[in-house]
Amino acid sequence: MAALGDRVRGPARIYFTGGATALLHGWRSNTIDVDLKAEPEPPGLFEALASLKDELDINVELASPDQFIPALPNWRERSLFIARHGPIDFFHYDPYAQALSKLQRRHERDLHDARSMRRSRLIQNERLWEMFDLIKSQLIRYPAIDRRSFEAAVLEFCNEND
């Protein structure tokens, strides 16, 4: 974060998601890649990411939950501030959107992350179900998503007790 903040030439908000969130919260000891979303994309961002990928030997993906499921209303307001470095404010992308995206994929690591979010009290089952309900009608625009199985996965997760 500090290196990226030193290299860009303008303000932005960077949202981390997936493995980066899990790593920063201590739910995992490593991640395959760092997924992020920039708003706006500040001058020098792509050059900085290209050099940092090599210097730090990490993969960086421009990816966020809103590329895979409908964007949740007010996701920016629920995103969690991490730090400010240079002109960049860093955030964890909305935990509810992250959890729903992970439940849609249903990989074992994703389920572990979603449960970790719940144990850390970043999400609550009832509110997660409400968030799903808000986007359910928009799933028609995502033909790769089977709405029934996604809904069943969210319901099963919300009925679990850790």
Side-chain angles (χ1 to χ4, degrees), residues 1 4 11-42 45-46 49 53 58-84 88-162:
M1 288 185 278
L4 188 57
R13 292 172 65 129
I14 302 284
Y15 298 91
F16 288 121
T17 187
T21 290
L23 191 65
L24 289 170
H25 277 282
W27 307 323
R28 291 196 223 156
S29 60
N30 60 35
T31 185
I32 296 168
D33 53 27
V34 175
D35 295 330
L36 60 86
K37 175 183 181 93
E39 284 191 335
E41 294 172 352
L45 174 67
F46 296 107
L49 291 176
K53 281 176 62 168
I58 58 171
N59 293 319
V60 176
E61 301 286 334
L62 299 177
S64 59
D66 59 11
Q67 293 177 315
F68 305 103
I69 63 171
L72 296 180
N74 303 313
W75 66 265
R76 287 174 190 84
E77 290 80 2
R78 283 187 306 278
S79 295
L80 306 170
F81 180 74
I82 302 168
R84 180 179 189 93
I88 299 182
D89 289 327
F90 291 89
F91 294 83
H92 293 289
Y93 195 102
D94 173 18
Y96 286 97
Q98 287 197 55
L100 287 172
S101 179
K102 289 172 177 296
L103 291 171
Q104 191 279 316
R105 285 192 311 222
R106 292 183 289 279
H107 296 141
E108 194 56 43
R109 184 180 300 196
D110 290 328
L111 295 174
H112 174 269
D113 290 348
R115 289 180 183 114
S116 296
M117 288 179 192
R118 184 171 53 205
R119 279 192 299 276
S120 297
R121 303 199 189 296
L122 297 179
I123 61 171
Q124 297 174 343
N125 290 342
E126 185 176 307
R127 185 74 172 133
L128 185 67
W129 182 254
E130 290 171 4
M131 290 287 121
F132 175 77
D133 199 48
L134 288 173
I135 63 167
K136 188 167 43 174
S137 66
Q138 299 170 47
L139 291 174
I140 192 79
R141 301 186 68 178
Y142 294 76
I145 296 175
D146 178 59
R147 187 192 60 79
R148 287 189 185 114
S149 66
F150 185 16
E151 185 170 13
V154 174
L155 184 59
E156 180 181 339
F157 179 84
C158 289
N159 287 327
E160 283 179 359
N161 293 317
D162 280 333

**Prompt:** Can you tell me how far OG1 of T31 sits from CG of D113, rounded to the nearest 0.5 angstrom?
**Reply:** 8.5 Å

**Asked** When the ring planes of Y93 and W75 are compared, do they come out parallel, tilted or perpendicular, using 30° and 60° as the limits?
**Response** parallel

**Item:** I32, CD1: over 12 other non-hydrogen atoms inside 6.0 angstrom
**Value:** no

**Fill in**
Here the gap from M117 atom CE to L122 atom CG, rounded to the nearest 0.5 Å, amounts to 7.0 Å

**Request:** Enter the distance from F132:CZ to C158:SG here, rounded to the nearest 0.5 Å.
**Result:** 9.5 Å

**Prompt:** Considering only heavy atoms from C-beta outward, does the side chain of S64 approach that of D35 to under 4.5 Å?
**Reply:** no

**Request:** Go through the steps to decide whether Y96 and N74 satisfy the test side-chain contact (heavy atoms from CB on, under 4.5 Å), and finish with yes or no.
**Result:** CA-CA 11 Å; Y96 286 97; N74 303 313; over 6 Å; no

**L100 vs P65 side-chain heavy atoms within contact, under 4.5 Å** = no

**E130 with R127: basic N within carboxylate O range, under 4.0 Å** = yes

**Request:** If the plane angle is over 60° it's perpendicular, under 30° parallel, otherwise tilted; pick one for F90 and F16.
**Result:** parallel

**Request:** Kindly say whether A153 contributes a backbone atom to a donor-acceptor pair with the side chain of E156 at under 3.5 angstrom?
**Result:** no

**Request:** For residues F46 and E41, determine if any side-chain heavy atom of one lies less than 4.5 Å from a side-chain heavy atom of the other.
**Result:** yes

**Item:** Other residues, nucleotides, ligands: >12 heavy atoms within 6.0 Å of E77 CD
**Value:** yes

**Item:** Atom pair CG/CG of N159 and N125 - distance to nearest 0.5 Å
**Value:** 7.5 Å

**Item:** Pair R13 + D89, salt bridge at N-O below 4.0 Å
**Value:** no

**Request:** Begin with the C-alpha distance, continue with both residues' side-chain angles, and end with the deciding distance and a verdict on side-chain contact (heavy atoms from CB on, under 4.5 Å) for F68 and I145.
**Result:** CA-CA 9 Å; F68 305 103; I145 296 175; over 6 Å; no

**Request:** Could you give me the CA-CA distance, side-chain angles and deciding distance for R115 and F157, then say whether side-chain contact (heavy atoms from CB on, under 4.5 Å) is met?
**Result:** CA-CA 8 Å; R115 289 180 183 114; F157 179 84; 3.7 Å; yes

**Prompt:** Can you tell me if T17 uses its side chain to pair, donor with acceptor, with the backbone of L36 under 3.5 Å?
**Reply:** no

**Message:** So for atom CD, which belongs to E39, do other residues, nucleotides or ligands contribute more than 12 heavy atoms lying within a distance under 6.0 Å?
**Reply:** yes

**Request:** Working to the nearest 0.5 Å, report the span between CD1 of I135 and CZ of F150.
**Result:** 5.0 Å

**Request:** Report the C-alpha separation of R78 and L72 in whole Å, then their side-chain angles, then the decisive distance to 0.1 Å, and conclude whether the side-chain contact (heavy atoms from CB on, under 4.5 Å) test is met.
**Result:** CA-CA 10 Å; R78 283 187 306 278; L72 296 180; 3.5 Å; yes

**Request:** Spell out, as yes or no, whether a donor-acceptor pair under 3.5 Å connects the side chain of S116 to the backbone of H112.
**Result:** yes

**Message:** With rounding to the nearest 0.5 angstrom, report the CG to CD distance, L103 to Q98.
**Reply:** 11.5 Å

**Request:** Check the surroundings of atom CD in Q124: do more than 12 heavy atoms from other residues, nucleotides or ligands lie under 6.0 Å from it?
**Result:** no

